[in-house]
A.B. asks: 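Structure incoming, see below.
Note that the coordinates shown come from a computational prediction; the quantities given were computed from them, not determined experimentally.
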Amino acid sequence: MTKDQTTPEQIADDELDDAKGAGLFLGPLIGSAVGQKNAQLKDLEAQDRLGNHEIQRMMQSFNREQQSASSTLKKLDDTSNAVIGKI
């Protein structure tokens, strides 16, 4: 091989060096984009947490209402049985 001919390995090394050089310029842009996406992800997670709290409050309210309804039905049944027992 002569000096004017380059091997595929040399071409690949040159392209890799060029890509690394470009990375020096693109690195801050990519870092900024990643930072923005992370901030958006945290915002979405915060909104999701608020949604979870709202769901928990609704479930607690639902459970209280179910317990109240169950208690009322039990008292109604006990009263009915007591009245029937006295007849």
Side-chain angles (χ1 to χ4, degrees):
M1 223 183 294
T2 64
K3 281 188 168 184
D4 293 338
Q5 293 178 337
T6 56
T7 64
E9 291 83 13
Q10 290 172 330
I11 293 171
D13 287 340
D14 289 343
E15 289 179 3
L16 183 60
D17 289 339
D18 290 343
K20 287 179 182 175
L24 293 175
F25 295 107
L26 295 177
L29 294 174
I30 292 172
S32 175
V34 169
Q36 289 175 350
K37 291 297 176 188
N38 285 338
Q40 289 175 347
L41 179 62
K42 287 181 183 180
D43 288 343
L44 286 174
E45 288 173 349
Q47 291 173 1
D48 187 40
R49 276 190 223 114
L50 289 176
N52 286 340
H53 289 299
E54 291 171 356
I55 291 170
Q56 288 174 355
R57 278 189 231 118
M58 289 173 58
M59 290 301 295
Q60 288 172 349
S61 175
F62 176 78
N63 287 337
R64 272 182 274 155
E65 291 170 6
Q66 287 292 327
Q67 288 174 348
S68 177
S70 176
S71 175
T72 302
L73 288 175
K74 183 179 182 322
K75 288 179 183 178
L76 179 63
D77 188 47
D78 289 346
T79 303
S80 298
N81 289 336
V83 170
I84 291 173
K86 289 186 177 186
I87 294 180

A.B. asks: State which residue, out of Leu73, Asn81, Thr79, fulfils the side-chain contact (heavy atoms from CB on, under 4.5 Å) condition with Asp77.
C.D. replies: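 Checked Leu73, Asn81, Thr79 against Asp77; only one passes side-chain contact (heavy atoms from CB on, under 4.5 Å): Asn81.
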
A.B. asks: Looking at Ser61 and Arg57, would you say the former's side chain and the latter's main chain have a donor-acceptor pair under 3.5 Å?
C.D. replies: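 Such a contact is absent between Ser61 side chain and Arg57 backbone.
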
A.B. asks: Rounded to the nearest 0.5 Å, how far apart are CD of Gln67 and OG1 of Thr72?
C.D. replies: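 If we round to the nearest 0.5 Å, Gln67:CD and Thr72:OG1 are 11.5 Å apart.
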
A.B. asks: With heavy-atom distances below 4.5 Å as the criterion, would you say the side chains of Ser71 and Lys75 are in contact?
C.D. replies: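 Touching, per the 4.5 Å side-chain cut-off.
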
A.B. asks: To the nearest 0.5 Å, tell me how far Ser70 OG sits from Asn63 CG.
C.D. replies: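 One finds 12.0 Å between OG of Ser70 and CG of Asn63.
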
A.B. asks: For the atom pair CE (Met58) and CD (Glu54), what is the distance rounded to the nearest 0.5 Å?
C.D. replies: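 If I round to the nearest 0.5 Å, the distance is 8.5 Å.
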
